[in-house]
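Just so you know, these numbers use all the heavy atoms, side chains as well, and skip hydrogens, waters and symmetry mates.
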Amino acid sequence: MQRTPTTVSAPMPVHDAVLPQPDTIELLLQQSKRRTETVPIRRAFVQDTEDVAALIQKPGPLHQLVRHEKALDLLLLLYMVTSGGDFGAVERAETWGRATALTFETNGSAGSAVSRLWNRLAALNLVARGTRGRLAKVTKLREDGSGMPYTIPSGGEKGPRKDVYFRLPFDYWRDELHKRLDMAGKVVLLIGMSLRQRQFSLPQTATFAGYYGISEATLRRGIATLIKEEVLTKTGTERYPTNETVTGWGKRTLYAFNPPYDLNVNNKDKAAMEAAADETPGATLAGLGPSPWLVPPRLPARSGPEAEPTTQTEGGEEK
């Protein structure tokens with residue numbers, strides 16, 4: 001995939017006196033000081049769980065941003081730049097305006113435009129607003145919309161389900177995928193990454209879409225956009241037993257992310273991939289190809305693998 005240069009960018013046709021969007025984002029990427037060049041995001045942002053006697057799963061806050069693309073863009077930038085300390089960011093409104101391409105004005109009007117987006121995110125309990133001197137300070141909160149202070153996700157298999165997380169690579173911005181994808185594509189990208197599987201299904205049904213609080217049409221558009229932009233690839237089909245058809249068999253499409261967006265893999269799939277070196281040519285490796293029909297179908301929204309344990313520093317970074 002061709003990477004967009006970040007050192008020197010052509011000036012914007014109208015506002016050529018201000019720093020262009022790609023260069024503004026690159027400064028934020030460097031400012032984050034993330035060694036892995038990835039951003040950890042709790043799965044609860046996409047689909048939340050309640051650890052009670054009977055496991056309850058519900059759509060995460062993402063579905064409430066489906067009609068507010070710039071707010072999602074701004075939130076992901078905040079997630080990226082806040083990698084430690086109190087997880088707060090103090091930036092000029094003009095910086096956020098350029099980074100999201102919301103506004104390139106320098107006459108003071110950027111403040112109100114950006115403030116409206118922060119207010120929307122604050123209403124969802126995803127950020128807390130404050131001030132530092134004459135500048136606004138925005139602090140990220142727990143991704144589940146609970147309003148709780150942000151903590152580093154442990155991601156451990158024995159930890160709480162709310163600490164399971166996936167990673168969004170810096171390539172999302174450096175390849176300008178944030179500009180090439182429409183809102184449906186961004187939503188399905190985050191859903192697919194949250195599944196944390198090498199291969200996975202995305203049943204284009206109202207039931208599956210409902211697990212994430214989105215419409216079937218949004219799911220279909222998102223899949224089509226990701227395939228068009230060569231982020232997602234169809235890897236085959238899978239036959240599985242079900243009581244929802246007259247024959248007792250169903251068929252679904254399997255997908256996989258293309259590099260560099262294939263970085264989220266759970267422990268089970270990772271172990272299978274590592275064991276592949278010990279297999280003879282042509283041997284079938286469980287977990288890497290279409291599942292045998294004897295394996296019951298897994299709907300990722302109902303049950304998902306936990307994240308692998310990692311040694312972390314602030315901001316979910318690996319040591």
Side-chain angles (χ1 to χ4, degrees), residues 1-3 38 41 43 46-47 164-169 171-172 175 177 180-182 184-209 211-212 214 216-242 244-245 247 249-308:
M1 183 176 295
Q2 187 69 30
R3 173 170 290 184
T38 62
I41 302 174
R43 189 170 62 189
V46 177
Q47 186 185 57
V164 177
Y165 66 92
F166 59 95
R167 294 179 182 273
L168 184 66
D171 303 87
Y172 173 76
D175 290 340
L177 192 62
R180 289 160 34 212
L181 296 183
D182 56 14
K186 293 175 182 179
V187 169
V188 176
L189 173 71
L190 296 175
I191 290 175
M193 285 186 163
S194 74
L195 301 179
R196 303 181 61 258
Q197 298 172 357
R198 183 177 182 272
Q199 284 193 127
F200 49 88
S201 62
L202 294 169
Q204 298 179 42
T205 64
T207 299
F208 182 82
Y211 293 152
Y212 299 93
I214 63 175
E216 184 179 354
T218 296
L219 178 62
R220 290 182 184 276
R221 287 199 307 273
I223 293 173
T225 299
L226 292 175
I227 292 175
K228 176 185 176 182
E229 294 297 333
E230 300 182 349
V231 176
L232 196 68
T233 297
K234 293 182 180 180
T235 59
T237 58
E238 178 180 59
R239 192 171 72 144
Y240 63 95
T242 175
E244 296 182 357
T245 66
T247 63
W249 291 102
K251 186 171 72 172
R252 56 194 172 199
T253 302
L254 295 175
Y255 302 91
F257 281 116
N258 296 322
Y261 303 100
D262 59 344
L263 72 168
N264 295 289
V265 181
N266 61 59
N267 276 342
K268 182 179 178 181
D269 281 5
K270 184 178 294 185
M273 292 166 65
E274 292 173 351
D278 297 328
E279 295 292 316
T280 57
T284 300
L285 182 61
L288 294 185
S291 302
W293 71 266
L294 290 176
V295 178
R298 292 176 54 196
L299 287 179
R302 296 186 182 277
S303 62
E306 299 299 312
E308 67 274 14

Can you name the closest pair of heavy atoms from [X] and [Y] and give their distance?
X: Pro260; Y: Pro169; result: O-CG, 4.0 Å
X: Arg221; Y: Ala184; result: CB-CB, 3.9 Å
X: Pro203; Y: Leu219; result: O-CD2, 3.2 Å
X: Lys234; Y: Thr253; result: CG-CG2, 4.0 Å

From [X] atom [atom1] to [Y] atom [atom2], the distance as rounded to the nearest 0.5 Å:
X: Phe166; Y: Thr38; atom1: CZ; atom2: OG1; value: 11.5 Å
X: Glu229; Y: Asp182; atom1: CD; atom2: CG; value: 9.0 Å
X: Lys228; Y: Ile223; atom1: NZ; atom2: CD1; value: 16.0 Å
X: Tyr165; Y: Asn264; atom1: OH; atom2: CG; value: 9.5 Å

Applying the side chain to side chain contact (heavy atoms under 4.5 Å, CB included) test to Arg252, which of Gln204, Glu238, Arg239 qualifies? Glu238
Step by step, would you call Tyr261 with Leu226 a side-chain contact (heavy atoms from CB on, under 4.5 Å)? CA-CA 11 Å; Tyr261 303 100; Leu226 292 175; over 6 Å; no
Check: Leu254 main-chain N/O paired with Thr235 side-chain donor or acceptor under 3.5 Å: yes
pair [X]-[Y]: side-chain heavy atoms closer than 4.5 Å:
X: Trp249; Y: Pro241; answer: yes
X: Val187; Y: Tyr212; answer: no
X: Tyr255; Y: Ile227; answer: yes
X: Leu202; Y: Leu232; answer: yes

Under the side chain to side chain donor-acceptor pair (under 3.5 Å) rule, collect the residues that match up with Thr233, sequence neighbours excluded. Asn258
Is there a side-chain contact (heavy atoms from CB on, under 4.5 Å) between Asp171 and Leu177 once you walk through the steps? CA-CA 8 Å; Asp171 303 87; Leu177 192 62; over 6 Å; no
Report, one line per pair, each donor and acceptor closer than 3.5 Å where one atom sits in a side chain of residues 188-195; sequence neighbours left out.
residue : atom : partner : partner atom : Å
Ser194  : OG   : Ile191  : O            : 2.6

